[in-house]
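Here is the structure we will look at.
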Amino acid sequence: MKNKWPDLVRLLKLIPRRAEASLKEAVILREAIYTLFLSEDARQPYPDLASEIVHDIAKRARARQVLSKTEDGFRWLLPLKDPGDLVALFAVSASDLITGRNGRRLIRGCKGDNCGWLFLVTSKSGRRLWCFRGHLRYARTRKAVLNEASIEMRKSFAAALDEIRTTGFTASLSKMLKVGLVV
């Protein structure tokens, strides 16, 4: 099959209103897909509104698919002749992921700080939490730094308790007030 992307780019320039409408629909679809897969990550049922959005767009796309001969046999393909066809292509892919839920692992939301990416879990154990290993390194480093700070706080607290035991609470409190440790 020949590459249809240059034709689609040319078409987007020729029909800016349709391209703008397709962009709005793409944003709505993206949010619906995101909502569906976040609910999957939380092991909750798929929300009705998000399901309906994906269903409606995918249903329109499926009706326009053409059975085409490819190198490895036959496939249902969606012709890319309109800016909305890209949106439809994503809806079909999302519906395939949803309907194939029993044959695959979870789609998860990345637990990295301010990430928000979704990823298909492919790890051996199926427990991956981050979309890429950089988040894991960051999380381990952050945990180590927080653990080190926690150890320092515990040492300071233990020293303060020793001070209270040896000199008494009132004397220790007045000493801390003078030093500025207690306000």
Review point. Between CD1 of Ile57 and CG of Leu29, what distance do you get to the nearest 0.5 Å?
Key: 4.5 Å

Exercise for review: Kindly give the heavy-atom pair with the smallest separation between Arg64 and Pro79, and that separation in Å.
Suggested key: O-CD, 3.5 Å

Review point. Is Glu20 atom CD crowded by more than 12 heavy atoms from other residues, nucleotides or ligands, each under 6.0 Å away?
Key: no

Study note, to complete from the structure: Heavy-atom nearest pair, Leu38 first then Gly109, reads CD2-CA, 4.3 Å

Revision key, fill the gap. Sequence neighbours excluded, the answer for side-chain hydrogen bond (donor to acceptor under 3.5 Å, both in side chains) partners of Arg30 is none

Exercise for review: State whether the number of non-hydrogen atoms from other residues, nucleotides or ligands found under 6.0 Å of Arg75 atom CZ is greater than 12.
Suggested key: no

Review point. Any side-chain heavy-atom pair from Val54 and Tyr46 closer than 4.5 angstrom?
Key: no

Check your understanding: If Ile, Leu, Val, Met, Phe, Trp and Tyr residues are connected whenever their side-chain heavy atoms lie under 4.5 Å apart, and connections chain through other members, are Val27 and Ile33 in the same group?
Key -> no

Review point. Does CG belonging to Asp48 count more than 12 external heavy atoms closer than 6.0 Å?
Key: no

Review point. Is there side-chain contact between Phe37 and Asp41, with at least one heavy-atom pair below 4.5 Å?
Key: no

Point to revise | Contacts of Arg60 that satisfy side-chain hydrogen bond (donor to acceptor under 3.5 Å, both in side chains) - sequence neighbours left out | key: Glu25

Exercise for review: Check whether any side-chain heavy atom of Leu77 lies under 4.5 Å from a side-chain heavy atom of Val66, and answer yes or no.
Suggested key: no

Check your understanding: Which heavy atom in Val87 sits nearest to a heavy atom in Ser22, and how many Å separate them?
Key -> CG2-O, 3.3 Å

**Study point:** Heavy-atom side-chain contact between Val92 and Gln65 under 4.5 Å
**Key:** yes

Point to revise | Shortest non-hydrogen separation from Ile98 to Leu36 and the atoms involved | key: CD1-CD1, 3.4 Å

Review point. Rounded to the nearest 0.5 Å, how far apart are CH2 of Trp76 and CG of Leu67?
Key: 5.0 Å

Review point. Which pair of heavy atoms, one from Asp96 and one from Thr99, lies closest together, and at what distance?
Key: O-OG1, 3.3 Å

Exercise for review: Find out if a path of hydrophobic residues (ILVMFWY) with successive side-chain heavy-atom gaps under 4.5 Å connects Leu23 to Leu86.
Suggested key: no

Exercise for review: Could you tell me the separation between the CZ atom of Arg62 and the OG atom of Ser95, rounded to the nearest 0.5 Å?
Suggested key: 4.0 Å

Review point. Is there a donor-acceptor pair under 3.5 Å between the side chain of Glu40 and the backbone N or O of Ile107?
Key: yes

